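Remarks on the structure that follows.
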Amino acid sequence: MRLIITWFINAAALLALPYLMRSVSVDSLGAALVAALVLGLVNTLIRPLLLLLTLPVTFLTLGLFIFVINGLMFWGVAQMVGGFHVAGFGSAILAAVVYSIISWALSSLILDKK
C-alpha cells in the first residue's frame with residue numbers, strides 16, 4: 001500500500017511542476033502516473049549504474065555531477081513518455097531538483113504520520 005501511495009505522491013509532484021516551471025508540461029493525470037512509474041523504474045534500475053560509472057567525475061566535482069545525472073534521467077523520461085514534456089536539458093536539471101523537493105515535502109506530510 002505504501003508503494004502505491006508513493007507512486008501517487010510522485011505523480012502529484014509531477015502535476016504540480018508545470019505550475020512552478022513554464023518549461024515543463026504534463027498533459028493529464030494518466031501521463032503523470034506513467035511518467036512517475038517510469039521515473040521510479042529508471043531511478044531504481046539505471047541510476048545506480050550511472051552513479052557507479054561516473055564516480056570519478058562526481059568525486060572531482062564534489063558531488064555536483066549528480067545533478068547532471070538526475071537531470072539526464074528526468075529529460076530521458078520526458079523523451080520516452082508521451083504527454084510529459086521538458087523544454088531542454090538545463091530545464092530538466094532544475095525540474096529534477098524542484099520535483100525532488102515537492103516529492104519529499106508531500107511524502108513527509110502524508111507518509112510520516114504515525
Side-chain angles (χ1 to χ4, degrees):
M1 188 67 174
R2 186 176 172 97
L3 183 64
I4 293 172
I5 292 171
T6 303
W7 179 36
F8 280 111
I9 288 171
N10 289 337
L14 279 176
L15 285 172
L17 208 53
Y19 293 102
L20 300 172
M21 298 182 64
R22 285 186 168 161
S23 58
V24 177
S25 67
V26 180
D27 294 342
S28 65
L29 176 62
L33 287 170
V34 171
L37 179 67
V38 173
L39 198 54
L41 289 172
V42 166
N43 280 332
T44 302
L45 301 174
I46 297 174
R47 186 173 188 261
L49 180 63
L50 280 176
L51 289 175
L52 185 65
L53 291 174
T54 60
L55 194 60
V57 176
T58 303
F59 181 73
L60 287 174
T61 61
L62 303 174
L64 293 176
F65 194 72
I66 292 175
F67 288 113
V68 174
I69 292 171
N70 289 340
L72 182 65
M73 291 187 311
F74 201 82
W75 192 40
V77 169
Q79 299 297 317
M80 287 189 282
V81 176
F84 174 51
H85 310 282
V86 178
F89 183 65
S91 297
I93 292 173
L94 183 60
V97 171
V98 173
Y99 168 75
S100 296
I101 292 169
I102 294 170
S103 179
W104 167 78
L106 288 174
S107 294
S108 296
L109 289 172
I110 295 171
L111 293 178
D112 288 340
K113 302 220 177 194
K114 292 183 181 180

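Please read these numbers as outputs of a predicted model, since none were measured by experiment.
Ala16 approaches Ile102 most closely through the heavy-atom pair CB-CD1, 4.3 Å. Residues Val81 and Ala31 approach most closely at CG1-O, 4.1 Å, considering heavy atoms. Closest of all the heavy-atom pairs between Ser107 and Ile9 is OG-CG2, 3.6 Å. Leu15 and Ser28 make their closest contact through CD2-O, 4.0 Å (heavy atoms, listed as atom of the first residue, atom of the second, distance). Of all the heavy atoms in Phe84 and Val86, the pair that sits closest is CZ-CG2, 4.2 Å. Across Ser25 and Pro18, no two heavy atoms sit closer than the pair CA-CG, 4.0 Å.
When the side chains of ILVMFWY residues are joined at heavy-atom separations under 4.5 Å, either directly or via intervening members, Phe65 and Phe67 end up in a single hydrophobic cluster. When hydrophobic clusters are built by joining Ile, Leu, Val, Met, Phe, Trp and Tyr residues whose side-chain heavy atoms come closer than 4.5 Å, directly or via intermediates, Leu64 is grouped together with Ile66. If you chain together hydrophobic residues whose side chains sit under 4.5 Å apart, Ile110 and Leu3 never meet in one group. Put simply, Tyr19 and Leu33 are part of two different groups of oily side chains (I, L, V, M, F, W, Y) that touch within less than 4.5 Å, one to the next.
Atom CG of Leu72 is separated from atom CD1 of Ile69 by 8.0 Å, given to the nearest 0.5 angstrom. The distance from the CG atom of Leu39 to the CH2 atom of Trp7 is 13.5 Å, given to the nearest 0.5 Å. Annotation: the span from Leu106 atom CG to Ile101 atom CD1 amounts to 12.0 Å, rounded to 0.5 Å.
Among residues at least two apart or in separate chains, side-chain hydrogen bond (donor to acceptor under 3.5 Å, both in side chains) pairs with a member in residues 45-74 are Arg47-Asn70.
Contact annotation: the side chain of Val98 never approaches that of Val24 to less than 4.5 Å [non-hydrogen atoms, C-beta and beyond]. Annotation: side chain of Leu111 is in contact with side chain of Ile5 (closest heavy-atom distance under 4.5 Å).
Applying the side chain to side chain contact (heavy atoms under 4.5 Å, CB included) criterion to Val42, with sequence neighbours excluded, gives Val38, Ile46, Met73, Val77, Met80. Judged as a side chain to side chain contact (heavy atoms under 4.5 Å, CB included), and not counting sequence neighbours, the contacts of Trp104 are Ser108. Residues passing the ring pair (Phe, Tyr, Trp, His ring centres under 6.0 Å) test with Phe89, sequence neighbours excluded: Trp75. For Tyr99, the ring pair (Phe, Tyr, Trp, His ring centres under 6.0 Å) test picks out Phe74, with sequence neighbours left out. With sequence neighbours left out, Ser103 forms a side chain to side chain donor-acceptor pair (under 3.5 Å) with Asn10.
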